[in-house]
Structures are given as structure tokens and as C-alpha cells.
Amino acid sequence: MEHILKKYFGYDTFRPLQKDIINHVNDNKDCLVLMPTGGGKSICYQVPALMREGTAIVVSPLISLMKDQVESLRANGIATAALNSNNDENENIEIRRACISGKLKLLYISPERLLLEIDYLLQDMQISLFAIDEAHCISQWGHDFRPEYTQMGVLHQRFPHIPIVALTATADKITRQDIIRQLHLKDPKLFISSFDRPNLNLTVKRGYQQREKHSELVRFIRNHADESGIIYCMSRSKTESVAKMLEKQGISTAVYHAGLPAQVRDQAQSDFINDRVQVVCATIAFGMGINKSNVRWVVHYNLPKSIESFYQEIGRAGRDGMSADTLLFYSLGDLILLTKFATDSNQQSVNLEKLQRIQQYAEADICRRRILLNYFGEQNEKDCGNCDVCRNPPERFDGTVIIQKALSAIIRTNQQIGSNMLIDILRGSFSADLVEKGYDKLKTFGAGRDIPGRDWQDYVLQMLQLGYIEIAYNENNHLKITESGTHILFGRKTAELVIIKRIEQPYDKKKKKAAPAKPLFVAEMPNEDGDLFEELKALRKQLASHEAIPPYIVFSDKVLHQLAAIQPVTIDQFGEISGVGEIKKNKYGKDFISLIKQFKTGR
Ligand code: ADP
Ligand code: ZN
């Protein structure tokens, strides 16, 4: 088992659970594997596929996913093909022949195609195992429901003795039960790995107005020069306006949403995967097909609607286990809009509850990772050290007077205003609407002029979080004072607010690339040379475009970082690097070594 792992994938050790899962499959038993995105699910069926007689059938919902897997397996010298509607007839004939003669170790297939072939091709070949990738697609409760997946229950009827391994990153209980029930898994073992992704840095910025958001975004991306990233927006139009803004700043950006024609979307995806554009501005439609391992950051321009979707989306960063940054912008406007969507949906209470949980995450002043892991049912005793709260614990001051000013303005308008009007009154700005309603005559008009509007946004969010005000969603989102708010207003109690710190600490490149605080499987590495890394990256891109495959399939960022640190100069040393299998050692070793040698003598 270890020999195969090293020979084909270049890794020395299995991650937790991988070995148990492989043994389980090799005992011809069914199982359900739950691992976070980037957790290493593929190895769990690919290694048994290599160890067993015959061909493994892998069901996958998207052509792009199949393509990605086939390319990376082939790059490691493993005979693999994909059967889907993208192929032409000749290709299909050849694939069928290879299947029947037992030449393929893995065959990727779409669920529709699988159902068509179940009485034909599948009967004529020797099958080693079935792997159902993205198995949550079977569940109507999930977000990627695919009706064809529900018919896969026939697999076990037709092939009762061939083990099925179902894999997903969606953890909730309903989906799990659905998968087991619908696939008729026999006495299935559940393998659940930790959902912790310690290499993902977590940061939230709250109460930003659009202009500030944009300048923060540009600053963030400049700190990630040449590093791929995704920006998730709530609406299609937002993806386009944000992309336009970034393009103006000279940042190469593609747009991806379900309203675009298929070929525009495919182009965007392929440009991103092949490192031809740096950024994709996307709706949640972008994601499942993205196996790109060198996504170095993910930004949520708007608040997502649940922790599940948030976690899945940030999970697309740092699949290679190297450090990656995530940033979420949290604003009252988003909260109001999402509350409206949830209220209008047909699963109102579930959706409101989910929204509340992501809201708690965004507002947290305790370690954010603990909140996430807790949500997935993992208790964590220690703070992570890799989120903004851990790095910059909130400091408080006596905010009674500030809160009183706001509450007093609310009360003087008979609680008939939303947060923007409130801030206009406090700041003393003569907007037309405000003057028309006579709010410029209020005693509190201009009473908060000394505090910038953006800080008021933050304080209003804090007051909401502390329970001094609430939003009347059914009354034009007006702010209402709660009972505990009245205690502050009338001076019966005092209250603390969190100090707003906006001084941005510039990212320290060198420090950022070091292993995060508590690495699960991030190797400790000696200091590396950043210039060499950039040169290795350029070579990788050149080799990849020569073969028309994405750069990360040639080598992951992690491999390049190791090369930059260890600087091997012989083929054998090169082959020692984790992630360099036999085929890649022989294929790419020479080029990389000669670059490294040149680099060493040139200094
Ligand atoms: P998932 O399908 O769970 O999202 P992948 O199977 O794509 O994750 O694996 C994520 C990354 O981790 C890949 O780059 C993969 O090569 C790497 N990986 C998987 N198993 C190991 C291992 N045992 N040692 C080192 N890297 C691994
Ligand atoms: Zn933390």
C-alpha cells in the first residue's frame, strides 16, 4: 500500500483514515467517507483501484471534475479514462475496448452514462470497485441535487459483491442517511475525518461600505500578487461590477455565474484553472468542478446564507495544505436581505436558523475556528491562532454614551428608521429624505458627528449583537429598542463596545508561507528562497502549457515550496520530495534540477 502511494503519488505516509478506508474496501465492504474538501478523499479509492484486479468505476457528477481527475492520474502514469457526453464516438470505442481488455485501472463515468451502460459495458468488464464521488448529490436536501444519482441504488442489485465507497464533503446527518439508504449500502462503515482545515486563515471585516470594501479588496489582492483566488458575491450583477472594478485596477479577473452562456463559463473556468486569470468573481454556481489545488485565497464579498455553504466555499482554498487566506465582509444590508430570502423561502425556520449561525460566526469575538468546528459537531479545546480573533483579540471600552446617542435618536423618531437613516441623523447629514421628515430638527441630529460613518456602521452591528436593538423585518427593517436597550438609554446600566481597529497590518510574505500554528499535515520546511519559488512556478507553467494541462497538475504549490527549500540537485534527491512520484520524477526531474543548479551558481 505504501509502495503504491510513493510510486504513483509520491507521498510517504497516509493521512488519518486513508489507510483504514483502503483496507476496508479491500475487504470488499461498503463505506461512506466524509472528509472536508482537500482532505484527501481521492486516494481512498484510487489506491485500492491500483491494488485490485480489474477497473474501478468512479461516478462523478461533472465533466470538469472527471477531466481534472483523469489528467492528474495520467500525469502520474495511471491508465484512466472518462466516459461522458463530451467524447466523440471514436474515443468511446477505444475506451470501451480498453475497459473490456482490462487495460484501465479507473474509469470515470457520469451517472446518466452509468445507467445506460449498466447492462452492457459494465457486464462485459471486470469491475474492482464502485466509487461514488460527491455522493451528497443523491440527496434532495443537499445543494447539488442530481436526480440521476437517485437511481444508483441499482448498482448493488446488479453487482452485489463489488464494494461501494461513497465520498462527500457534506457532513449533515440527513444527507448521510440519504446516501446510505439510497445506495443500499450493506452494513456500511462511516469514516468521518476531522473537518478542521488549519491551513485556512479566517478573517471577517464588518460594517464596511462599498467604497471601503473595494479598497480593502484591492489591497488584499495586491498582497496576493500572482496568487489565484475566488470572490463570492450574492448576485450576478455584483460579480460583474466587482470584476469591472478589479480590471480597472489592473487585476485580471473573470466572471462566472449561471446566467452566462455555457461557453463563457467554461472559458472563465479554464482560464482560472490554467492560471491565465488571477481572480474569478462568482456566484455560488462556481465551485464543485474546481479541483485546482493552488487557490490561495477566497473572499466572500457578501454574507453567505449558511455555515455549510461558507465552509464549502472557503474549502476551495489551500487544497494543497499550504497556507491560504479567507476573508468575509459582513454588513447589515446583507443580513437584512438574507433574512428576507430565508423568510420568503419554503423552509423558513431551517433557513433562518442557518442564517443565525453564520451571523454568529461573523459577529464572533471568540476563536472563529472553534465556532465552525463546533457547528460540525467537533469540540475543540484550544483556540486556533490562525483567525483574526486569535491574532487580534477584541479590546473593549465603555461605550455607554455612544450607545445612548444612537438609542436616543431611534426613540426620537418613534422607532421609524433603519440603520442608514440613523447614521445620517447621528452624523448630521442633510439628506433629502431626512430633511423632508424633519429629522434635522431632532435634538440628536449631529450628536455623533465626531465618529466616522463607517465606525457607526460597526457600532450599530455591535448593538444588534449585544441585544440592545433589533431589526423589525416586517416593518421596513426599522430598528427597535429592546428591553435591555432601555436600561442603557435611561442610564440604569453601562455597556462596553469593541474598539474598532482599522490599521491594516501588511501581510508578511515570508511569515505567511511558514506552516500555520497547528499543522495537521503541513510539513515543516526549512527556509526557502522566494525568488527560486517564483522561477519554479514559471517553469511549471511552461511545462504545463506545453502539455496542455493545468500547472497544478504538473506539481502542487507545496511541491514547489519544498523544491525551493531543499533545492535538490540529483534525480534521486528530486524523487525524495513529497508529491513526486516515479513518472514525474523521470519526466520533470531534469528540467527542475537544471533550473535549481543554474539558480545556485547564479547567486
Ligand atoms: P478531496 O477530494 O478530499 O477534496 P483530494 O483527494 O483532491 O481532496 O486531495 C487533496 C490534496 O491532498 C491533493 O493535492 C492530494 O494529492 C493531497 N493528498 C492526498 N493524500 C495525501 C497524503 N497521504 N499525503 C500527502 N498529500 C496527500
Ligand atoms: Zn482562532
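Values below: all heavy atoms of this structure, side chains included; hydrogens, waters and symmetry mates excluded. One is the number of the first residue; the rest follow in order along the sequence. Because the structure is a prediction, the values reported are computed rather than measured. Whatever order the structure lists ligands and atoms in, that order sets their numbers, starting from 1.
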Asks: Looking only at protein heavy atoms, identify the closest one to atom 11 (C) of ligand 1 and say how far it is in Å.
Replies: R319 O, 3.4 Å
Asks: Return the orientation label for the F555 and F574 ring planes: parallel under 30°, perpendicular over 60°, tilted otherwise.
Replies: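 F555 vs F574 ring planes: perpendicular.
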Asks: Check contact between S556 and ligand 1, using heavy atoms of the residue and a distance below 4.0 angstrom.
Replies: no
Asks: Here's a test for you: under side-chain contact (heavy atoms from CB on, under 4.5 Å), which of L129, I180, L185, V25 qualifies with D30?
Replies: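 Result: among L129, I180, L185, V25, L185 is the only option passing the side-chain contact (heavy atoms from CB on, under 4.5 Å) with D30.
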Asks: Are there over 12 heavy-atom neighbours, none belonging to K67, within less than 6.0 Å of that residue's NZ?
Replies: no
Asks: For atom 20 (N) of ligand 1, what's the nearest protein heavy-atom neighbour? Residue, atom name and distance, please.
Replies: Q18 NE2, 3.0 Å
Asks: For ligand 1, indicate whether the residue P36 contacts it via side chain, backbone, both or neither (heavy-atom separation under 4.0 Å).
Replies: backbone
Asks: Does only the side chain of K41 get under 4.0 Å from ligand 1, or the backbone, or both, or neither? Count heavy atoms.
Replies: both
Asks: Can D133 be said to touch ligand 1, with heavy atoms closer than 4.0 Å?
Replies: no
Asks: Considering only protein heavy atoms, which is closest to atom 8 (O) of ligand 1, and at what distance to one decimal place?
Replies: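 Here the closest protein heavy atom is G40 N, 3.2 Å.
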Asks: Measure the distance from atom 10 (C) of ligand 1 to every protein heavy atom, then report the residue, atom name and distance (to 0.1 Å) of the closest one.
Replies: G38 O, 3.5 Å
Asks: Should the ring pair F376 and Y311 be called parallel, tilted or perpendicular, given that the plane angle runs from 0 to 90° and is split at 30 and 60?
Replies: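 Rings of F376 and Y311: tilted, 30 to 60°.
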Asks: Over 60° means perpendicular and under 30° means parallel, so classify the ring planes of Y232 and F286, tilted if in between.
Replies: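 F286 and Y232: tilted rings.
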Asks: Around atom 14 (O) of ligand 1, find the nearest protein heavy atom and jot down its residue, atom name and distance.
Replies: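 Here the closest protein heavy atom is Y11 OH, 4.0 Å.
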Asks: Please write down residue, atom name and distance for the protein heavy atom closest to atom 12 (O) of ligand 1.
Replies: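 Scanning the protein heavy atoms, the shortest distance from atom 12 (O) of ligand 1 goes to R15 NH2, 3.0 Å.
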Asks: So which heavy atom in the protein is nearest atom 2 (O) of ligand 1, and how far is it from that ligand atom?
Replies: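 Nearest neighbour among protein heavy atoms for atom 2 (O) of ligand 1, to 0.1 Å: S42 OG, 3.6 Å.
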Asks: To the nearest 0.5 Å, tell me how far L73 CG sits from K105 NZ.
Replies: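 These two atoms lie 12.5 Å from each other.
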Asks: May I ask you to decide if the ring planes of F220 and H224 are parallel, tilted or perpendicular, using 30° and 60° as cut-offs?
Replies: tilted
Asks: For the atom pair NZ (K584) and CZ (F9), what is the distance rounded to the nearest 0.5 Å?
Replies: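 Rounded to the nearest 0.5 Å, the NZ-CZ separation comes out at 9.5 Å.
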